[in-house]
Amino acid sequence: MILKNKRMETSELAKVASQVRRDIVRMVHGVASGHPGGSLGCTDVLVSLYFQAMNLKTDDQGSVVFDMSGSGEDLFFLSNGHISPVLYSVLARRGYFPVSELATFRKLNSRLQGHPATAEHLPGIRIASGSLGQGLSVAAGAAYGKKIRNDPHRVYCLMGDGEQQEGQIWEAAAFIPHRKLDNLIAIIDFNGQQIDGPTDVVLNNRDLGAKYEAFGWTVLHMDGNNLEEVASTLKAAQEAGGQGAPVCIIMKTEMGQGVDFMMHTHKWHGTAPNNEQLTAALAQLEETLSDY
C-alpha cells in the first residue's frame, strides 16, 4: 500500500512506523546484509518528517513529485547513509517509487543500493551518502541556495552521533550559523552506538549540545522514539527558524527500537537477522499496510 499526501495523527504515524520497521528487517534479511539497528532507531523521525512535518511537492492528485532542483519544497539529506533501509521504506510508502521495489534491496542492478546513490536515479535520493561526515555540508549548500533564491522552504539533515567525530561536520557547523542559514534543521541520532562500540568509548563526543550552541546554533532535545515528542519538537524547530540561527536537534534513540533483542547493543549496527531471528522480530511488529 502507498500512502498519498496528507497530514497524519500520531496513531496513524505509529501504524506507518510499524510497517516501516517490518520492511527494514525483511529487507536486510532478504540479502543477509545491511544495517537494521540505526534504521529501526530512526524510523519514527523519518516517518514524522515525510508524513507530517515536511512540505513536499505534489501533483493535483496529491501524489509526490520528485525533481532534482528541490525548489519550492522542503529537502531532506541523509548523512549517515548506511541506514538506507529506513529511508527506502519511507520513500516507497510515501509514494516516491513502488513498494514492491523494496524486495530488490542490495541486489545486483537494483536502484536500492546499500548506500543511496544518485547514479541509480531513484526518486527521493538527492545525494550519494555513506561516506560519513559529508551530509551537513551538502545541506548547508542547499540551504544557502534557497536563501539566494528567496525560497522559503526548509532543509533537514539527519546525522549519526558517531559521525560527529568527523572534522568536516565541524567545518559545516561553523559555516552554517556564520551565514545565518536559519532555514536549516540538523538532527543528530544520539543512540550512543557505532560500528566499533559505544561512542563514548570509541571517541567521546562529550556534550554535543553545548558544542553546537557554542558555534551559534539553537539546540533542542527530544526522545526520537516518542512520536508525540518528535512531532512537537519538529514543530518547535520550525518555529525557531527564521530568526538568524540554524537549529540542531539532539535526538535520543535506541538502536534496534521495536525489536527487543536488537536493542541496547551495537551488535545489530550492521548485522542481518537469520530466519529464526526474522520470525521473532516480525512477531513484535504489527503488519499495518501490508508487506511488499
Side-chain angles (χ1 to χ4, degrees), residues 10 13-29 34-51 53 76-91 93 105 114-116 129-130 132 135 156-165 185-202 205 208 220-231 233-234 248-273 277-278 280-282 284-286:
T10 302
L13 292 173
K15 291 182 178 180
V16 178
S18 182
Q19 187 63 54
V20 167
R21 287 189 165 99
R22 287 181 67 89
D23 291 344
I24 290 166
V25 294
R26 294 183 68 235
M27 289 162 68
V28 296
H29 167 267
H35 296 76
S39 295
L40 291 167
C42 288
T43 294
D44 300 304
V45 71
L46 263 292
V47 168
S48 295
L49 283 170
Y50 275 90
F51 288 90
F76 172 79
F77 294 100
L78 178 67
S79 186
N80 48 334
H82 55 275
I83 66 167
S84 61
V86 63
L87 179 59
Y88 291 150
S89 173
V90 168
L91 289 176
R93 297 291 174 179
F105 174 67
H115 293 76
S129 59
L132 296 177
Y156 297 82
C157 178
L158 175 61
M159 303 175 280
D161 53 355
E163 71 177 311
Q164 301 304 300
Q165 300 159 0
I185 298 174
I187 304 169
I188 301 174
D189 177 23
F190 193 80
N191 60 29
Q193 306 286 346
Q194 58 192 102
I195 195 167
D196 290 328
T199 53
D200 61 358
V201 173
V202 177
N205 284 314
L208 281 174
L220 304 175
H221 297 263
M222 74 178 179
D223 178 351
N225 296 136
N226 181 317
L227 281 166
E228 291 187 355
E229 188 168 328
V230 170
T233 306
L234 288 176
C248 177
I249 301 174
I250 309 295
M251 178 180 72
K252 183 67 176 72
T253 69
E254 184 63 53
M255 184 174 280
Q257 178 68 29
V259 179
D260 56 9
F261 62 86
M262 291 186 177
M263 297 167 66
H264 311 296
T265 176
H266 71 280
K267 173 184 176 182
W268 296 94
H269 174 94
T271 302
Q277 291 164 335
L278 174 67
L282 292 177
Q284 301 175 47
L285 301 167
E286 181 184 3

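By convention here, the first residue in the shown sequence is residue 1.
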> Taking atom types as modelled and ignoring hydrogens, do the side chains of E163 and S79 form a donor-acceptor contact shorter than 3.5 angstrom?
Replying inline: yes
>> Can you confirm whether the side chains of D189 and T253 place a donor and an acceptor under 3.5 Å from each other?
In response: yes
>> Between W268 (side chain only) and F261 (backbone N and O only), is there a donor and an acceptor less than 3.5 Å apart?
In response: yes
>> Determine whether a donor-acceptor pair (N or O, by modelled atom type, separation under 3.5 Å) exists between the side chain of R21 and the backbone of Q257.
In response: yes
> Do Q277 and H29 have side chains that get closer than 4.5 Å, going by heavy atoms?
Replying inline: no
>> Measuring from atom CG of D223 to atom CD of E254, what distance do you get when rounded to the nearest 0.5 angstrom?
In response: 10.0 Å
> Are any side-chain N or O atoms of R22 and backbone N or O atoms of L282, one a donor and one an acceptor, separated by less than 3.5 Å?
Replying inline: yes
> Hey, is the main chain of A14 close enough, under 3.5 Å, to the side chain of S18 for a donor-acceptor pair?
Replying inline: no
> Do other residues, nucleotides or ligands put more than 12 heavy atoms under 6.0 Å from K15 NZ?
Replying inline: no
> Is a side-chain donor-acceptor pair under 3.5 Å present for Q19 with E286?
Replying inline: no
> How long is the gap from NE2 on H35 to CG on N80, to the nearest 0.5 Å?
Replying inline: 10.5 Å
>> Just verifying a value: how many Å separate N191 CG and T199 OG1, rounded to the nearest 0.5 Å?
In response: 7.5 Å
> Rounded to the nearest 0.5 Å, what separation is found between the CE atom of M222 and the CD atom of E228?
Replying inline: 13.5 Å
> Is there a donor in the side chain of Q194 and an acceptor in the side chain of D161, or the other way round, less than 3.5 Å apart?
Replying inline: no
> Is any side-chain heavy atom of F105 closer than 4.5 Å to a side-chain heavy atom of Y88?
Replying inline: yes
> Between NZ of K252 and CZ of F190, what distance do you get to the nearest 0.5 Å?
Replying inline: 7.5 Å
> Can you tell me if N226 uses its side chain to pair, donor with acceptor, with the backbone of E229 under 3.5 Å?
Replying inline: yes
>> Donor-acceptor check, side chain of S84 to backbone of P116, threshold 3.5 angstrom: yes or no?
In response: no
> Can you tell me how far CD1 of I249 sits from OG1 of T233, rounded to the nearest 0.5 angstrom?
Replying inline: 6.5 Å
